J.: 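Before I ask anything, let me first share the structure, which is written out below as structure tokens.
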Amino acid sequence: MKIEYRLSVAIWILGALTIAGCGQDAGDAVTTTTAAPDNSAEVQEHYRTKVSLPPEIWEALEKGQITQEEVDARAAKGEFPKFFRFATPADIPEGLNWQDGSDLPAFASPEAKKGGTFYTWVQDFPRTLRRFGPDANGSFRPFILDDVVMQLGKRHPNDTSITESGFRYFPGIAREWALDKENATVYVRIDPDARFSDGEPITADDMLFMFFLYQSPHIRAPWYNNWYNRKYTNITKYDELTFSISQPEVRPDLLFKVMELEPLPEHFYKELGEDYVERYQWRFVPTSGAYEVLPENLKKGQSITLTRVKDWWAEDKKFWRNRYNFDRIHFTVIRDIPKAFESFRKGELDRFAATLPEYWYEKMPDDSEEVQRGYVHKAVFYNDRPRPTYGLWINEARPLLDNRDVRVGIQYATNWDLVIEKYFRGDYQRMRTNSDGYGEFTHPTLKSREFSVDKALEHFSKAGFTSRGPDGILVNDAGERLSFTLTTGYQNFRDVLTILAEEAAKAGLEYRLEILDQTASWKKVQEKKHDIAFTAFSVSAEMYPRYWDFGHSVNAYDRAFLPDGSPNPDRKLKVQTNNLQSLAYAELDAMIEAYRASSDAEEMKQLAFQMEEFLYEDASFVPGFVIPFYRVLYWRWFRFPEDFNAKLSRDPDQYFLSWIDTEMKKETLEARKSGKTFPPVIEAYDQYRTD
Amino acid sequence: MRLNPLTLRKLRRFREIKRGYYSFLILTVLTLLSLFAELLINDKPLVIRYEGQLTFPTYGSVMLGRDFGVKGELANVPVDYRELERRFRAEGNGNFIIMPPVPYNPYENTEVEGIFRAAAPDLDNKHYLGTDTTGRDILARLFYGFRTAILFAMAFTVLTYVIGIALGCLMGYFGGLFDLLFQRIIEIWSNIPFLYMVIIVFSVIPATFSIPARITILLVIMVLFSWTFMTYYMRTETYREKARDYALAARVLGASTPRIIFRHILPNTISTIVTFIPFTVVAAITAITALDFLGWGLPPPTPSIGELLKQGTANLTTAPWIVTSAFIALVVILTLVTFIGEAIREAFDPKKFTIYR
């Protein structure tokens, strides 16, 4: 399920760059000397007793106004409604407007051919094959979960219009669905053909079980526990294939929160218990999607191969036809990017991502031999989706950074424009706000502050930093230097930070660079020990931006305010949340709460704009850059559809529209030997370009 | 200072071994020059004459544009002296600037056709070895990197020797339980892999430490895990020497233990010590380069040979001048040290001179 991890670690934005081990010895398949445990009784008990708490009770719990014991006692008295309900088909309300997305166009290329092996690479061997729990959020997750596993429905990647009922969906595991907006309930009927890769049919029970699993503490994934307890209030089973899911509030994206769920195989998780993390470490979850990992294709530390599920049930469905074309996808572990590039150049890898200018302009320029002879094609594809939030996240809880003038000064002293112009060669764009790319929900006029030494100096001097020390860094009367640690986990952006630091020194600001590996840096940031962090959240194509996670005071401090509304002098920073700026403003809280509670898109937009303006004034996020495209180098046998890819695609594999032309591969390999050439292909696909 | 005639003979012999002697001279000159690198490679000028005033900004505070009559946006920015030099030259009214031979500092990005990228060696722009992938001058980075490495290696050598020799001598001289105990401690200690220790310690040092502080910490860790090898040699040497007649004679005459160790035994083991010095220096330079290459050494953007090598290997085909410069520099330094070592070994060869006294 992807609703979440985009918010937790941004690890797979650029691939995890950890140096640490490859999980070779991280617990092999469990040897079962005793009979395998069976959790059926626990599951049934959960279905029987689980209640859904109203939002105000959750909030009171969070703020410590009531205790868990009190809540349990009230639940035992039957005060709260049951989460799981079992009903009959007769209970399905009449007059629902059932939809099946059949009016939408298919988006795969009819020219696609099945077959072949796609050779590609990963930088780190996946630490686990689990889909959730510790270490599950690695760069390999899209291939075993996000981009492969089928959900009830998927948002149409080209038709991004927003209708009365929200996004446009095409069917996945669901055959049809109906939205009951008044009751915040979505009814779903599962496709009777739907099967897991081990042949088991997918039923409504697997949906019920999904809630059990995500609400279970065994999976050691607090985010899931919280989300599936708070964001949903009920699931009702009507028959083997029909169920409904309700949410606590009427929101514009009711459909989104249901359609992008996926059933989990109940039979597979029979052994779920305390030891889930170790027990399931290397077991591949039976998938509803097209690719599976067979045990013999897992060479730990070296390579991993996905194979197409035999007789995949959705192979001929309208929206799934002509996709997932490769028979096998072979991932070699290559730890070094330059090495992977050389491997690509030799033809050992079929494709190479060249979004970094270094590869696009220097290592394989348009006039290089492979390109000019037509062996390697180059393409740039402009997509249109919410952007990862690359920028400087300033921790307001740190000394000096709690001063707004210092933060505004930092905004003016950070020369992103120069980085974009001179380092990214003008290809990338300056980010305007934290929430770019949400269409109508993105603030229409707000712009990030430009680089200006004079303005920076003006604001720094308001904060008491008036004179420069001998090294040119500003000092205040107390002798403190204007110097902050800038932490990042992106090793490949170290040069960017070096440039920023050089430029900031011109305005008397010192950035001490701290370039850690991904995991260490993320840990530091999650513990809120950073001054300023350069990081990004990967964002999925949601309807509207989130503010609660990033801006609400409950995610900054435990008990941020006293009952009278003044800041609590004893408050402690709250760790492991996404409020990296430690924002705690009652005014912002109020807007966020109104935004969360609103069911009216128009009102939400207005609130979003107000919050953006508030955040702009607060100046604790220095917007960095957005990359409005992705660029790929690929051997000519690697084929893309005529319009290259879908508008919402994050990378070329997200929708699996490509295919390998084995004939062409043979022809090209022979041509390389004989010296035969083909016309060069260098294409820019800008049909979805927005600026 | 009066040197022992035997030592004088050894030095004379060292001077006669031309290859080693010249290597020594070259390395000494390079090291001395590197101590004044700011005068040779810097974006601050040696001398400025502005409106009749002479200033020498090399070691002074940062000067802003307005100090030289720059107006507008650049007035409050540290002045760009290369730009200023062009302006003075164009105005021709008696103001002048003398820049160092390489007018770049090792941190600044210079652009090629408006882009920060690697540029091939270019004499006109005074990028004598070209620039690295973000447009920083390679010669500047190499030279400052060399300074760090050689000073580091010298400090490392002195420290490991002081500890290693002292402990080794004591073990050899006292023998018995003391020797036994320390040998076991050393065996355990030397089994701790130092590279991992460096990686672990460096991952927990906060970035708030200044760069010299971090270098010192690296030095301390490396010394802590490297002094042991010297004790073995010193221990056996001392064992041997202490049984000789001159040592026994000194004892009979009532010489104190420190006197026997430092005045009598130590000078006789000098050839062992001296022979090992170049190897230690080479090891230290290699270690710091390797750590930087692996990304566990000095924090960016500190200039270092290892960091340049890393960049170079990642850009072998597109910017071969990076790896060539770094590689040649490293080879030259290590070869010079090795030549010196060779000459020292020969000059101090105990088979040629013995110094029983």
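Note on naming: letters A, B, ... go to the chains in the order of the sequence lines (proteins, then strands), and numbering restarts at 1 for each one. Just so you know, these numbers use all the heavy atoms, side chains as well, and skip hydrogens, waters and symmetry mates. As the structure is a computational prediction, the values presented were derived from the model and not from experiment.
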J.: Contact between Arg425(A) and Arg117(B) at the side-chain level, heavy atoms closer than 4.5 Å - yes or no?
T.: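 Of all side-chain heavy-atom pairs linking Arg117(B) with Arg425(A), at least one is under 4.5 Å.
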J.: Within a 6.0 Å radius of atom CZ on Phe327(B), are there more than 12 heavy atoms belonging to other residues, nucleotides or ligands?
T.: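 No - once you tally the heavy atoms of other residues, nucleotides and ligands closer than 6.0 Å, there are 12 at most.
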J.: Among the options Val77(B), Asn76(B), Leu74(B), pick out the one with the most heavy-atom pairs lying under 4.5 Å from chain A.
T.: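 Among the listed options, the one with the most contacts to chain A is Asn76(B).
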J.: How long is the gap from CG on Asn109(B) to OG1 on Thr498(A), to the nearest 0.5 Å?
T.: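 Those atoms lie 7.5 Å apart.
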J.: Relative to chain B, which segment of Glu502(A) carries a heavy atom at a distance below 4.5 Å: side chain, backbone, both, or neither?
T.: side chain
J.: If I measure from the heavy atoms of chain A, does Glu113(B) come under 4.5 Å with its side chain, its backbone, both, or neither?
T.: neither
J.: More than 12 heavy atoms of other residues, nucleotides or ligands under 6.0 Å from CD of Gln53(B): yes or no?
T.: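 No, the 6.0 Å shell around CD holds no more than 12 heavy atoms from other groups.
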J.: Under a 4.5 Å cut-off applied to non-hydrogen side-chain atoms, are Pro301(B) and Arg494(A) in contact?
T.: no
J.: For Tyr196(B), I'd like to know if atom OH has over 12 heavy atoms of other residues, nucleotides or ligands within 6.0 Å.
T.: no
J.: What residues of residues 132-143 of chain B make heavy-atom contacts with chain A at a cutoff under 4.5 angstrom?
T.: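 Within residues 132-143 of chain B, the residues that come under 4.5 Å of chain A (heavy atoms only) are Thr133(B), Thr134(B), Arg136(B).
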J.: What residues of residues 414-422 of chain A make heavy-atom contacts with chain B at a cutoff under 4.5 angstrom?
T.: Leu418(A), Glu421(A), Lys422(A)
J.: Spell out the residues in residues 450-462 of chain A that have some non-hydrogen atom less than 4.5 Å away from a non-hydrogen atom of chain B, in order of number; otherwise answer 'none'.
T.: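 If one takes a 4.5 Å heavy-atom cut-off, the residues of residues 450-462 of chain A near chain B are Ser452(A), Val453(A), Asp454(A), Leu457(A).
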J.: With a strict 4.5 Å heavy-atom criterion, list every residue of residues 312-319 of chain B that contacts chain A, or say none.
T.: Ala314(B), Asn315(B), Thr317(B), Thr318(B)
J.: Using a 4.5 angstrom heavy-atom cutoff, name the option from Ile515(A), Leu486(A), Thr487(A), Ile499(A) with the most pairs to chain B.
T.: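 Most heavy-atom pairs under 4.5 Å with chain B: Ile499(A).
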